[in-house]
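The structure under discussion appears below in the form of structure tokens.
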There are 2 protein chains.
Amino acid sequence: MKTSKPKVVDVARMAGVSTATVSRVLNDPSVVSEATREAVLKAVKDTGYRVNRAARNLRTNTSRTVLALVPNLSNPFFSNILSGLERELSAADYSLLVTDSGDVQLTADQIQRYIAAGQADGLVILDGSIDLNELQMVQSAVPPVPIVFACEWVEGFSGPSVRADNEAGIRMLVQHLWQQGHRRFGHVAGPDTNVLSHRRQNAFEQAVQDCGGEIQHGWMLPGDFSIAAGKEAAARVAAMRDGPTAWVCASDQIAFGLIAGLTEAGIKVPDDVSVTGFDNIEMTEVFNPPLTTIHQHRNKMGNEAARCLLQLLRGGQPSQAAPTVMPVYLVDRQSTGPAREKAQA
Amino acid sequence: MKTSKPKVVDVARMAGVSTATVSRVLNDPSVVSEATREAVLKAVKDTGYRVNRAARNLRTNTSRTVLALVPNLSNPFFSNILSGLERELSAADYSLLVTDSGDVQLTADQIQRYIAAGQADGLVILDGSIDLNELQMVQSAVPPVPIVFACEWVEGFSGPSVRADNEAGIRMLVQHLWQQGHRRFGHVAGPDTNVLSHRRQNAFEQAVQDCGGEIQHGWMLPGDFSIAAGKEAAARVAAMRDGPTAWVCASDQIAFGLIAGLTEAGIKVPDDVSVTGFDNIEMTEVFNPPLTTIHQHRNKMGNEAARCLLQLLRGGQPSQAAPTVMPVYLVDRQSTGPAREKAQA
DNA sequence: TACCGTTATGTAATCGATTACACATCACTG
DNA sequence: CAGTGATGTGTAATCGATTACATAACGGTA
């Protein structure tokens with residue numbers, strides 16, 4: 001009775017070949033003759049052999065593992081992306097290591113820890129708040145560390161990234177609102193430190209200008225992507241006279257908070273003002289009123305990011321050039337409606 | 001200029017000691033004299049040395065990694081738990097590997113793959129739909145694989161688990177509704193295959209009986225934990241005459257779907273019927289009406305599960321005995337209100 | 001026949017850390 | 001002073017797979 005786990009030697013002995021041959025069958029079957037290959041495979045099956053990852057990793061100096069840096073694991077938004085990543089990676093026999101980059105400002109040093117320790121071969125970063133210098137230090141290491149950004153990214157970083165078409169999304173929303181007769185537009189932004197916030201805010205200003213709508217400085221409210229931010233914004237909005245009739249929020253959660261706050265203040269959505277979100281998270285559909293928003297293919301973004309990284313890991317060119325931009329589309333629901341001019345008190 | 005990564009030998013040379021001593025300083029400092037310890041630590045710092053995990057793993061036959069089996073990564077419910085897990089594990093210098101047990105029915109073989117390959121030292125399972133036999137096979141391996149269940153669990157499995165006090169939660173809800181004057185109760189259940197569904201459903205029946213309320217077979221609706229399930233239930237509810245005035249749902253998402261569906265059908269919540277959820281996910285607060293539900297400490301459950309597993313990994317006794325049951329509490333919001341008898345048409 | 005190129009396989013070095021065992025030193029004790 | 005135990009350190013074996021290099025066998029060609 002074999003008591004310990006089977007190893008290559010055991011397989012080799014049973015198949016009557018050398019360990020080298022066993023290894024070859026497992027890693028590059030084409031160089032082995034048909035007959036021996038079958039004998040070895042049979043022996044593998046009979047012994048129940050499984051390669052020892054640690055040994056392989058040591059020898060080959062790889063880990064077949066990818067590390068995902070997630071700004072906040074508690075945020076449901078990211079779970080879909082992780083899901084997409086995981087699926088694609090595991091299909092390629094890679095594992096997914098997850099860490100919450102959360103409250104700590106990640107330094108090159110900390111990132112290197114994973115790489116240098118041989119725990120991960122590459123990174124998928126979902127966190128755009130990482131310092132560019134640190135990033136470049138990581139990337140300029142020898143050998144360079146394969147990195148792919150997903151969803152968020154860092155301005156100035158030259159490497160592949162997968163993202164939604166934020167500009168197009170915002171444009172669709174503004175145009176949609178415009179067509180419903182809205183002329184005065186407001187925005188509740190995401191966190192100041194976040195690329196997506198900036199992109200969406202800029203796109204918003206641009207889009208409103210393009211169709212000739214009105215924006216005022218006081219209608220650009222700060223926030224982060226949270227429900228709480230939406231609520232705070234609601235307080236300000238409630239206090240406005242002749243404010244916007246349409247509010248474009250940087251995230252669904254902000255929109256939820258805003259609508260909740262407005263409703264509480266007696267302002268009706270969409271009768272008095274229209275509100276839009278961004279992301280189309282699951283809940284938007286059952287929210288009351290159901291939220292008009294922009295849908296992103298989060299799962300697919302995860303898949304795509306994984307594919308991108310795998311390509312890098314296999315030594316493919318940094319598919320440099322432009323970031324991969326995933327299309328988005330408008331989901332028209334009942335949080336938006338025809339503009340109604342406020343009584344010009 | 002050193003071109004390659006520093007290794008123990010490099011550190012040893014610089015500190016003027018042997019590799020054994022370096023290793024000792026890093027792993028069990030107490031056996032090394034003060035002076036050498038400092039010299040070594042300095043050398044470690046100066047060289048920028050980091051242990052090679054693969055080498056260590058190979059030698060020690062451990063991975064300092066824990067695998068989390070998540071039934072559905074896309075479900076926001078789990079991200080909080082992962083977050084709690086990750087925090088606790090990384091504090092103990094363990095890494096978190098994540099895999100979606102999703103659509104595939106996991107077999108012992110597949111689980112063993114991770115363990116046997118030396119990719120993980122233990123498991124945290126969030127998926128209660130794993131077959132008991134398979135599980136026992138895994139656990140009865142030599143050496144046994146440390147496993148901790150979190151949130152969900154498998155009936156009959158003898159091992160540590162961390163869970164919410166589902167019974168107490170349901171009881172609180174029913175009593176709360178009873179106090180508001182409700183006498184006829186209905187339930188929308190979770191998936192048939194899930195322990196939580198059963199627990200909550202049984203607890204519901206028990207609680208209603210205990211206070212003398214009325215249940216009918218037709219008021220126990222099937223579902224899964226999804227919004228869609230809630231919507232389907234709504235259709236049935238809308239068709240009822242003299243149905244329950246209070247609906248207890250197995251999850252917040254079901255409640256959302258149910259309320260959305262009822263509202264659409266012209267039934268008002270809470271004026272016509274009261275509805276409760278379970279989980280207190282973030283969105284409950286801004287939902288319209290805000291949802292009365294049961295709060296679970298998901299983060300803490302993650303922490304606790306991690307601590308449990310770490311204890312096992314360190315050779316502690318399977319802290320057997322009873323599962324760890326985390327307290328829950330009622331969050332009273334506006335989806336529930338005084339019972340109003342339906343017109344006895 | 002002698003030589004060459006393929007193809008298939010084996011031998012043994014190697015990856016980098018941990019650790020069993022051996023050894024040296026020193027302070028005490030009887 | 002010899003003996004004992006505690007303490008600190010070094011030498012070298014070891015974990016299990018991969019792979020550079022060597023070798024063998026064979027068919028074909030000059």
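Computed from a predicted model, the values in this text were never measured in an experiment.
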Check whether the side chain of R53(B) and the base of dG16(C) form a donor-acceptor pair under 3.5 Å.
-> no
Hey, does V17(B) reach any base, or is it just sugar-phosphate, or nothing, if we go heavy atoms under 4.0 Å?
-> sugar-phosphate
Does the side chain of I130(A) come within less than 4.5 Å of I125(A)'s, by heavy atoms?
-> yes
Check every atom of dT18(C), dT9(D), dA17(D) against the side chain of T36(B) and return the nucleotide holding the closest atom.
-> dT9(D)
When you get a sec, tell me which of dG10(C), dA17(D), dA17(C) is the closest nucleotide to the side chain of A55(A)?
-> dA17(D)
With respect to the side chain of R59(A), which nucleotide from dT11(D), dA13(C), dA17(C) is positioned closest?
-> dA13(C)
Looking only at side-chain atoms of L58(B), point me to the closest of dG16(D), dG10(C), dT11(C).
-> dG16(D)
Contact class for T19(B) vs. all strands (heavy atom < 4.0 Å): base, sugar-phosphate, or nothing?
-> base
In whole angstrom, give the distance that lies between atom CG of N27(A) and atom P of dG16(D).
-> 18 Å
Quick one: do R64(B) and D93(B) make a salt bridge, cutoff under 4.0 Å?
-> yes
Determine the contact category for N61(B): base if any of its heavy atoms lies under 4.0 Å from a base atom, sugar-phosphate if only primed atoms, P, OP1 or OP2 are that close, otherwise nothing.
-> nothing
Interatomic distance where CZ belongs to R24(A) and P belongs to dG16(D) [whole Å] = 21 Å
Does T21(A) make a side-chain N or O approach to OP1 or OP2 of dT9(C) shorter than 4.0 Å?
-> no
Whole angstrom value for the distance that separates C1' of dT9(D) from CD of E34(B) = 16 Å
V22(B) near the nucleic acid: base, sugar-phosphate alone, or nothing, with a heavy-atom cut-off under 4.0 Å?
-> nothing
NA contact type, N57(A), heavy-atom cut-off 4.0 Å: base, sugar-phosphate, or nothing?
-> nothing
Rounded distance in Å - CD (Q119(B)) to P (dG16(D)) = 17 Å
Name the closest nucleotide to the V51(A) side chain, picking from dA17(D), dT19(C), dG10(C).
-> dA17(D)
Rounded off to whole Å, could you give me the CG-to-C1' distance for the N52(B) and dT14(C) pair?
-> 13 Å
Any side-chain donor-acceptor pair under 3.5 Å between Q119(A) and T65(A)?
-> no
Nearest whole angstrom, please: distance from the P of dT18(D) to the CZ of R64(A).
-> 11 Å
Side chain of S23(B) only, please: which of dT19(C), dG10(D), dG10(C) is the nearest?
-> dT19(C)
Indicate whether any N or O donor in one side chain lies under 3.5 Å from an N or O acceptor in the other, for D121(B) and S63(B).
-> yes
Can you tell me the distance, in whole Å, between the CG atom of D28(B) and the P atom of dG8(D)?
-> 11 Å
Nucleotide dC15(C), atom P - distance to NZ of K7(B) in whole Å | 7 Å
Classify the nucleic acid contact of R50(A) as base, sugar-phosphate or nothing, counting any heavy atom under 4.0 Å across all strands shown.
-> sugar-phosphate
Closest to the side chain of S33(A), out of dG10(C), dT9(C), dT19(C), is dT9(C)
Could R87(B) and D100(A) be called an ion pair, given the rule that one side-chain N must be under 4.0 Å from one carboxylate O?
-> yes
Verdict with reasoning, L123(A) to V66(A), per side chain to side chain contact (heavy atoms under 4.5 Å, CB included) = CA-CA 6 Å; L123(A) 299 177; V66(A) 166; over 6 Å; no
Would you tell me if any nitrogen or oxygen in the side chain of Y49(A) comes within less than 4.0 Å of OP1 or OP2 on dA17(D)?
-> yes
